Amino acid sequence: QQQVKQSPQSLIVQKGGISIINCAYENTAFDYFPWYQQFPGKGPALLIAIRPDVSEKKEGRFTISFNKSAKQFSLHIMDSQPGDSATYFCAASIRETSGSRLTFGEGTQLTVNP
Amino acid sequence: DSGVTQTPKHLITATGQRVTLRCSPRSGDLSVYWYQQSLDQGLQFLIQYYNGEERAKGNILERFSAQQFPDLHSELNLSSLELGDSALYFCASSDWRGGETQYFGPGTRLLVL
């Protein structure tokens with residue numbers, strides 16, 4: 001059962017544009033929502049994360065918007081750059097004392113054209 | 001560099017064989033997680049260890065097993081390999097406070113022929 005759904009599967013944006021990736025979750029017990037960035041041949045790397053008590057979090061050009069009632073969250077990349085071309089994964093987890101397993105979305109392959 | 005190391009980087013083997021993937025977590029991290037990344041299933045959680053003990057299990061096949069040693073490194077054992085086991089296997093670690101940030105290694109690419 002896919003508990004985190006991500007869209008779109010692929011996205012092409014022009015340099016300087018805004019990239020938007022959306023995710024929806026089912027399990028209301030999730031309390032941590034990270035976004036990971038993965039380049040070819042590399043492991044996923046944490047980009048930005050949010051908790052459900054906050055509606056928005058911004059770090060540089062990256063912003064997470066969170067809608068608890070709709071059980072949706074999204075990643076906005078402002079002023080997209082060719083170096084942002086990568087696969088992006090949303091994820092969700094439930095905090096436990098020894099750590100939290102991540103449930104990932106299907107991934108979005110972002111291409112930023114120069 | 002995340003500080004998590006995985007060996008080997010690539011592994012090519014035949015169906016029916018057994019392989020062992022190794023992971024060294026970041027210094028001080030007690031939690032180790034294993035994930036499988038395949039084209040059709042995406043990134044899926046397999047199993048978690050915390051300070052040597054199994055803490056959570058995901059969609060891990062019975063042919064797969066893992067352990068975490070006293071020095072905190074972990075091994076994932078895959079046996080009776082099938083073509084469908086071909087995938088990227090990632091190890092991640094998080095700190096002792098049950099921190100949610102997981103740091104991923106570079107992965108082991110397994111190809112079963």
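Atoms considered below: every heavy atom in the structure, side chains included; atoms not considered: hydrogens, waters and symmetry mates. The sequence lines fix the lettering, A, B, ..., with proteins before strands; numbering per chain opens at 1. From a predicted model like this one, the values you see are computed outputs, not experimental measurements.
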Around A/Gln109, counting heavy atoms of other residues, nucleotides and ligands shown, do more than 12 lie under 6.0 Å from its CD? no

Does atom CD of A/Gln9 have more than 12 heavy-atom neighbours from other groups under 6.0 Å away? no

Interatomic distance, CZ@A/Arg101 vs CD1@B/Ile47, rounded to 0.5 Å, equals 10.0 Å

Report, as yes or no, whether the 6.0 Å neighbourhood of atom CG on B/Leu39 holds more than 12 heavy atoms from other residues, nucleotides or ligands. no

Do B/Phe45 and A/Phe104 have ring centroids that are under 6.0 Å from one another? no

Side chains of B/Thr101 and A/Pro34: does their closest heavy-atom pair fall under 4.5 Å? no

So, the part of B/Gln37 with a heavy atom under 4.5 Å from chain A: the answer is side chain

If two hydrophobic side chains count as joined below 4.5 Å and joins carry through other members, does B/Phe64 share a cluster with B/Val32? yes

Is there a side chain to side chain contact (heavy atoms under 4.5 Å, CB included) between A/Tyr36 and B/Gln102? Walk through the geometry before answering. CA-CA 10 Å; A/Tyr36 278 81; B/Gln102 293 186 24; 3.6 Å; yes

Do A/Leu102 and B/Tyr35 pass the side chain to side chain contact (heavy atoms under 4.5 Å, CB included) test, and can you show the C-alpha distance, the side-chain angles, and the key distance before you say yes or no? CA-CA 9 Å; A/Leu102 292 166; B/Tyr35 292 87; 3.4 Å; yes

Quick one: pull up NZ in A/Lys42 and OG in B/Ser2 and give me the separation to the nearest 0.5 Å. 10.0 Å

Roughly how far, to the nearest 0.5 Å, is the CG atom of B/Leu43 from the OG1 atom of A/Thr103? 11.0 Å

Using every non-hydrogen atom in the two residues, find where A/Gly43 and B/Phe90 come nearest and quote the distance to one decimal. CA-CE2, 3.3 Å

Hydrophobic cluster membership, A/Ile64 vs A/Ile20, 4.5 Å side-chain cutoff: no

Answer with yes or no whether the hydrophobic clustering places A/Ile48 together with A/Ile77; edges join I, L, V, M, F, W, Y residues whose side-chain heavy atoms lie under 4.5 Å apart. yes

More than 12 heavy atoms of other residues, nucleotides or ligands under 6.0 Å from CZ of B/Arg26: yes or no? yes

